[in-house]
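What you see is a predicted model; the values in this text were computed from it and never measured. The analysis underlying the following values was restricted to heavy atoms, covering all of them including side chains, and did not include hydrogens, waters or symmetry mates.
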Amino acid sequence: MSRRKDIMNIYMNYETVPPKKIIEKTAQAIRERGVEVFVVSNKKAALEKIKSLISKNQTVMNGSSTTLDEIGFTEYLKSGSHKWQNLHESIMKEPDQQKGLLMRRQALLADYFLGSVNAIAQTGELVAADASGSRVGAYPFAAGHVVLVAGAQKVVPTLAKAIKRVRDYVLPLESERVKKAYGMPGSMVGKMFILEKEMFPKRTYLVLVEEKLGY
């Protein structure tokens with residue numbers, strides 16, 4: 001019973017959207033680290049903000065993200081209703097596996113790379129983890145611009161608790177997802193990225209949504 005209660009507490013702590021005061025305080029801490037932050041009320045507003053950030057004829061790539069799926073970005077990118085160059089589409093059409101892998105690596109250099117993060121510290125650090133690094137590889141330097149979208153339930157008090165959120169909460173959920181989706185035994189934290197400071201102005205953007213999105 002105690003173990004079940006502990007698990008329930010973990011889910012409650014990591015799935016609750018904090019008060020607006022905490023969200024605004026966190027957003028300001030992130031801005032002070034060089035990241036442009038836009039606080040929006042819902043997933044529809046998040047998608048509209050992304051559309052406004054990316055001008056036509058830009059190359060666009062996205063990492064795997066439940067959050068991007070939930071706000072409708074993944075389908076919007078597939079639809080061709082934009083005037084961007086969809087690099088992900090070109091990769092998926094490549095029949096040669098080795099060429100596809102090379103294209104995926106080259107796509108990290110996109111004008112705009114979109115994804116999410118797994119945890120956000122109130123002190124301003126952003127934490128993202130991958131098994132392979134195919135998503136987080138673009139975040140530190142490779143992409144021209146990085147647009148991150150995250151639900152505010154990912155906000156935790158400190159960097160240490162942000163890393164703990166990744167290991168205790170995100171990893172088990174991601175493992176269950178890959179088991180169902182790909183028949184794999186599970187996932188792992190192979191590569192972890194911590195954004196402490198962005199030195200290039202207007203390179204990295206965070207769209208922080210005041211509702212639960214992703215995990």
Residues pairing under salt bridge (charged side-chain N to carboxylate O under 4.0 Å, His left out) where one sits in residues 62-88, two or more places apart or in two chains, turn out to be Glu75-Lys78

With sequence neighbours left out, the residues meeting side-chain contact (heavy atoms from CB on, under 4.5 Å) with Lys51 are Leu47, Glu48, Tyr76

Minimum heavy-atom distance Leu159-Thr123, with the two atoms named = N-OG1, 4.2 Å

Rounded to the nearest 0.5 angstrom, the CZ-CG distance for Arg135 and Leu108 is 12.5 Å

In terms of hydrophobic clustering (I, L, V, M, F, W, Y; side-chain heavy atoms under 4.5 Å; direct or indirect links), are Phe113 and Val35 co-clustered?
-> yes

Please check if the side chain of Gln122 supplies one atom and the backbone of Thr26 the other of a donor-acceptor pair under 3.5 Å.
-> no

Is Asn118 reaching over with its side chain to a backbone N or O of Val166, donor-acceptor style, under 3.5 angstrom?
-> no

Can you tell me how far the OG atom of Ser116 sits from the OH atom of Tyr215, to the nearest 0.5 Å?
-> 10.5 Å

With rounding to the nearest 0.5 Å, note down the distance linking OG1 in Thr59 to CG in Leu87.
-> 5.0 Å

Heavy-atom pair with the smallest gap, counting every atom of Ile54 and Gln58 | CG2-CB, 4.0 Å

Linking I/L/V/M/F/W/Y whenever any side-chain heavy atoms sit under 4.5 Å apart, do Tyr139 and Val127 land together?
-> no

If you look only at pairs with a residue in residues 138-166, which of them pass as a salt bridge (charged side-chain N to carboxylate O under 4.0 Å, His left out), with sequence neighbours excluded?
-> Lys164-Asp168

Glu210 and Lys20 ion-paired at < 4.0 Å | yes

Side-chain donor-acceptor pairs under 3.5 Å in residues 189-199, sequence neighbours left out?
{"residue": "Lys191", "atom": "NZ", "partner": "Ser132", "partner atom": "O", "Å": "3.0"}
{"residue": "Lys197", "atom": "NZ", "partner": "Glu32", "partner atom": "O", "Å": "3.0"}
{"residue": "Glu198", "atom": "OE1", "partner": "Arg203", "partner atom": "NH1", "Å": "3.0"}
{"residue": "Glu198", "atom": "OE1", "partner": "Thr204", "partner atom": "OG1", "Å": "2.6"}
{"residue": "Glu198", "atom": "OE2", "partner": "Phe200", "partner atom": "N", "Å": "3.0"}

Report yes or no: do Met103 and Leu114 belong to one cluster of Ile/Leu/Val/Met/Phe/Trp/Tyr joined by side chain heavy-atom distances under 4.5 Å?
-> no

With sequence neighbours left out, the residues meeting salt bridge (charged side-chain N to carboxylate O under 4.0 Å, His left out) with Arg31 are none

Tell me, do Gln153 and Thr16 make a side-chain contact under 4.5 Å, heavy atoms counted?
-> no

Under a 4.5 Å cut-off applied to non-hydrogen side-chain atoms, are Ile91 and Met61 in contact?
-> yes

Taking side chain as C-beta onward, heavy atoms only, is Ser64 less than 4.5 Å from Arg177?
-> yes

Find out whether Ile71 and Val207 are in side-chain contact, i.e. whether some heavy atom of one side chain is under 4.5 Å from a heavy atom of the other.
-> no

Between Val40 and Ile23, is there a shared hydrophobic cluster once you connect ILVMFWY residues whose side-chain heavy atoms come closer than 4.5 Å?
-> no

Over all heavy atoms of both residues, which pair between Val117 and Ala150 is shortest? Give the atoms and the distance, please.
-> CG2-CB, 4.0 Å

Ile22, Leu206: one ILVMFWY side-chain cluster at the under-4.5 Å cut-off?
-> yes

d(Leu173 CG, Ser187 OG) to nearest 0.5 Å is 11.0 Å

What pairs of residues pass the salt bridge (charged side-chain N to carboxylate O under 4.0 Å, His left out) test when at least one of them lies in residues 103-125, not counting sequence neighbours?
-> Arg33-Glu125

Who are the side-chain contact (heavy atoms from CB on, under 4.5 Å) partners of Leu53, not counting sequence neighbours?
-> Phe38, Lys49, Val147, Tyr205

Could you pull out the closest heavy-atom pair between Ala152 and Val17, with the gap in Å?
-> CB-CG1, 4.0 Å

Hey, what else clusters with Tyr182 if you join Ile, Leu, Val, Met, Phe, Trp, Tyr whenever side-chain heavy atoms sit under 4.5 Å?
-> Val178, Met184

Between atom OH of Tyr169 and atom CG of Asn13, what is the distance when rounded to the nearest 0.5 Å?
-> 10.5 Å

Test salt bridge (charged side-chain N to carboxylate O under 4.0 Å, His left out) applied to Lys99 - qualifying residues, sequence neighbours left out | none

Set of residues satisfying salt bridge (charged side-chain N to carboxylate O under 4.0 Å, His left out) with respect to Lys202, sequence neighbours excluded | Glu36

Should we count NZ of Lys212 as having more than 12 external heavy atoms under 6.0 Å?
-> yes

Does anything in residues 49-74 pair up under ring-ring contact (aromatic ring centres under 6.0 Å, His included), and if so which pairs, sequence neighbours excluded?
-> none

Any residue meeting salt bridge (charged side-chain N to carboxylate O under 4.0 Å, His left out) with Glu24, in chain and number order, not counting sequence neighbours = none

